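Here's the structure, in structure tokens; my notes come after.
Keep in mind the model is a prediction, meaning the values are calculated, not measured.
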Amino acid sequence: NPPPLLPLSARPSPMAPTSRPAATSAARSGPSRFDGLPMPGDAPPSGACVRIERPEPGLARLFLDPPHKKLALFDVPLLMDLERALDELARDASLRSLVITGKEPLSFAAGADIETIQKLTTADLAAQFARSGQALFQRLHRMSRGGGGRVFVVAAVGGPVPGGACELCLACDRIVLADSEKSRIGLPEVLLGILPAWGGSQRLPRRLGVPAALGAILTGKLHNPRQALKLGLVDRLAPAENLVSIASEIAAGRMSCAYRGRMGMRRLLIDKNPLVTALVASQAKKKVLAQTKGHYPAPLAAIPLVVAA
């Protein structure tokens with residue numbers, strides 16, 4: 001649960017204009033789990049891809065803002081800077097609330113960098129990239145209240161939020177999506193012949209339930225805001241111009257935001273029932289084979305991961 005709600009009289013308005021807080025960058029120092037992975041030729045200086053603002057005591061805002069990309073992509077420089085930023089935030093004993101967002105309300109991140117993936121020419125490099133991303137997003141999850149940490153973490157996202165960008169959101173306590181025709185969120189990896197390997201294959205079924213998660217992952221659908229809210233993929237919609245302020249109010253406990261993921265008896269009867277999940281997996285496999293004739297291994301590989309989650 002988020003921090004206790006303050007009385008209405010004590011709550012600052014989420015729409016009140018404020019001066020922009022001072023920002024810090026997440027400079028890289030020391031070893032990183034991403035060391036040795038291919039760097040882009042236009043890699044920016046250390047710390048340039050992520051900035052942290054602290055608008056009030058106990059609250060931080062983390063912005064994905066790589067200067068070498070028009071829309072953030074999870075390439076090695078961004079992943080390294082995000083790793084260092086989370087290390088810095090984890091050392092802050094006063095931190096209680098965190099908002100993760102993009103440089104603009106409708107510009108969050110377009111997932112993993114395809115050019116980086118194309119440069120993973122050995123199985124060892126591919127495994128390092130996948131496992132390092134898993135570990136990074138797991139680090140974020142463990143900071144969060146849902147992962148047993150002390151920080152209530154809210155993802156404030158908009159525009160395209162596919163693949164790794166969606167997986168980052170799933171590691172947070174709440175997801176607030178900009179209510180815009182430009183917003184789309186989901187896990188389209190199988191359409192590229194890969195898997196949601198940074199936690200999406202596990203966290204999406206825990207949020208949506210096994211049947212809905214299989215439907216989302218196997219089709220690779222990107223959901224518009226209303227679809228995502230109805231499905232339970234996000235917890236709240238917000239006007240783009242107020243996205244970060246509303247997410248900050250939720251993170252600080254001054255605005256309520258119910259978790260819309262699957263809970264209760266239905267989860268017990270379906271998601272934790274091995275007979276039901278085995279039937280769901282069998283039906284999903286038959287459907288995939290009928291559509292692909294067995295020529296696309298990614299969706300078939302995703303099914304047991306989702307069912308076991």
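- Within a 6.0 Å sphere centred on CZ of Arg142, heavy atoms belonging to other residues, nucleotides or ligands number 12 at most.
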With side chain to side chain contact (heavy atoms under 4.5 Å, CB included) as the test, would you mind laying out the steps for Val306 and Leu204 before giving the verdict? CA-CA 8 Å; Val306 173; Leu204 191 67; over 6 Å; no
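- Both Leu86 and Val153 belong to a single network of hydrophobic side chains, linked directly or stepwise wherever heavy atoms of I, L, V, M, F, W or Y lie under 4.5 Å apart.
- The distance from the OG atom of Ser144 to the CZ atom of Arg139 is 12.0 Å, given to the nearest 0.5 Å.
- To the nearest 0.5 Å, atom CZ of residue Arg174 and atom SG of residue Cys169 are 14.0 Å apart.
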Before giving the answer on side chain to side chain contact (heavy atoms under 4.5 Å, CB included), spell out for His223 and Val234 the whole-Å C-alpha distance, their side-chain angles and the decisive distance to 0.1 Å. CA-CA 10 Å; His223 305 273; Val234 304; over 6 Å; no
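- The pair Arg226-Glu181 fails the salt-bridge criterion, with no side-chain N (NZ, NE, NH1 or NH2) lying under 4.0 Å from an Asp/Glu carboxylate O.
- Between Arg207 and Asp235 there is a salt bridge, since at least one side-chain N of the basic residue sits less than 4.0 Å from a carboxylate O of the acidic one.
- Separating the CG atom in Leu289 from the CG atom in Leu300 is a distance of 5.0 Å, to the nearest 0.5 Å.
- Using modelled atom types, one finds a donor on one side chain and an acceptor on the other under 3.5 Å when comparing Gln138 with Arg203.
- Linking Ile, Leu, Val, Met, Phe, Trp and Tyr whenever their side-chain heavy atoms come within less than 4.5 Å puts Phe74 and Val190 in one cluster.
- Surrounding OH of Tyr296 are at most 12 heavy atoms belonging to other residues, nucleotides or ligands under 6.0 Å away.
- Considering only heavy atoms from C-beta on, Ile100 stays 4.5 Å or farther from Phe63 through its side chain.
- Only one option out of Pro40, Pro38, Pro77 pairs with Thr116 in a side-chain contact (heavy atoms from CB on, under 4.5 Å); it is Pro38.
- The two atoms that bring Ser32 and Met80 nearest to each other are OG-CG, 3.7 Å, heavy atoms only.
- Taking the charged nitrogens against the carboxylate oxygens, Arg84 and Asp87 do have a contact shorter than 4.0 Å, which makes a salt bridge.
- At distances below 3.5 Å, at least one donor-acceptor pair connects side-chain atoms of Asp173 with backbone N or O atoms of Gly146.
- Applying the 6.0 Å contact sphere to CZ of Arg131 captures no more than 12 heavy atoms from other residues, nucleotides or ligands.
- A distance of 5.0 Å separates CG in Leu73 from CG in Asp113, rounded to the nearest 0.5 Å.
- For the atom pair Arg54 CZ and Ser97 OG, the distance stands at 12.0 Å (nearest 0.5 Å).
- From Leu64, atom CG reaches atom CG of Asp81 across 10.0 Å, with rounding to the nearest 0.5 Å.
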Evaluate the criterion salt bridge (charged side-chain N to carboxylate O under 4.0 Å, His left out) for residue pair Glu56 and Arg254; output intermediate values, then yes/no. CA-CA 13 Å; Glu56 62 182 75; Arg254 295 188 289 259; 2.8 Å; yes
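- Between the Asn224 side chain and the Gln227 main chain, a donor and an acceptor come within less than 3.5 Å of each other.
- Cation-pi check for Arg145 over Phe152 is not met; the charged atom does not lie both under 6.0 angstrom from the ring centroid and within 45 degrees of its normal.
- Between Gln128 and Asp35, the closest heavy-atom pair is NE2-O, 2.8 Å.
- For the pair Arg96 (side chain) and Ala93 (backbone), a donor-acceptor distance under 3.5 Å is present.
- Two residues are said to be in side-chain contact when any heavy atoms from C-beta on lie closer than 4.5 Å; Pro211 and Asp271 meet this criterion.
- The cluster map of Ile, Leu, Val, Met, Phe, Trp and Tyr, joined by side-chain heavy atoms under 4.5 Å apart, puts Leu82 and Met39 in the same cluster.
- A donor-acceptor distance shorter than 3.5 angstrom exists from the side chain of Glu167 to the backbone of Gly200, with no hydrogens or angles considered.
- Ser107 places no side-chain N or O within 3.5 Å of a backbone atom of Lys103 that could act as its donor or acceptor partner.
- Residues Arg260 and Leu231 fail the side-chain proximity criterion, which asks for heavy atoms closer than 4.5 Å.
- Clustering ILVMFWY residues whenever any of their side-chain heavy atoms sit less than 4.5 angstrom apart, transitively, puts Leu59 in a cluster other than the one holding Val151.
- A donor-acceptor pair under 3.5 Å is absent between the side-chain atoms of Gln283 and the main chain of Val280, judged by distance alone.
- Heavy-atom minimum distance, Lys182 versus Leu106: CD-CD1, 4.0 Å.
- With no hydrogens or angles considered, no side-chain donor-acceptor pair links Asp124 and Thr122 at under 3.5 Å.
- Side-chain contact between Ile117 and Ile114 is present, with at least one heavy-atom pair separated by less than 4.5 Å.
- More than 12 heavy atoms of other residues, nucleotides or ligands shown are found within 6.0 angstrom of NZ on Lys119.
- Nearest heavy-atom pair across Leu177 and Ile185 is CD2-CG2, 4.2 Å.
- When atom types are taken as modelled, the side chain of Ser282 and the backbone of Ala278 share no donor-acceptor pair closer than 3.5 angstrom.
- Val99 has its side chain out of reach of Leu62: every pair of non-hydrogen atoms, C-beta onward, lies at least 4.5 Å apart.
- Remark: the Arg61 side chain and the Thr101 side chain contain no N/O donor-acceptor pair separated by less than 3.5 Å.
- Leu170 has its side chain out of reach of His141: every pair of non-hydrogen atoms, C-beta onward, lies at least 4.5 Å apart.
- Hydrophobic clustering (side-chain heavy atoms under 4.5 Å, transitive across Ile, Leu, Val, Met, Phe, Trp, Tyr) groups Val161 together with Ile175.
- Here the shortest heavy-atom pairing between Pro188 and Gly186 reads CD-O, 3.4 Å.
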CA sep, side-chain torsions, deciding dist, call: Val157, Val176, side chain to side chain contact (heavy atoms under 4.5 Å, CB included): CA-CA 6 Å; Val157 299; Val176 182; over 6 Å; no
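- Considering all non-hydrogen atoms of both residues, Leu71 and Pro160 come closest at CD2-CG, 3.7 Å.
- Using modelled atom types, no side-chain atom of Ser132 and backbone atom of Phe129 make a donor-acceptor pair closer than 3.5 Å.
- Judged by distance alone, with hydrogens and angles left aside, the side-chain atoms of Gln134 form a donor-acceptor pair with the main-chain N or O of Ala197 at under 3.5 Å.
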Go through the steps to decide whether Leu269 and Val276 satisfy the test side chain to side chain contact (heavy atoms under 4.5 Å, CB included), and finish with yes or no. CA-CA 8 Å; Leu269 293 174; Val276 174; over 6 Å; no
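- For the pair Cys49 and Pro44, the minimum side-chain heavy-atom distance is below 4.5 Å.
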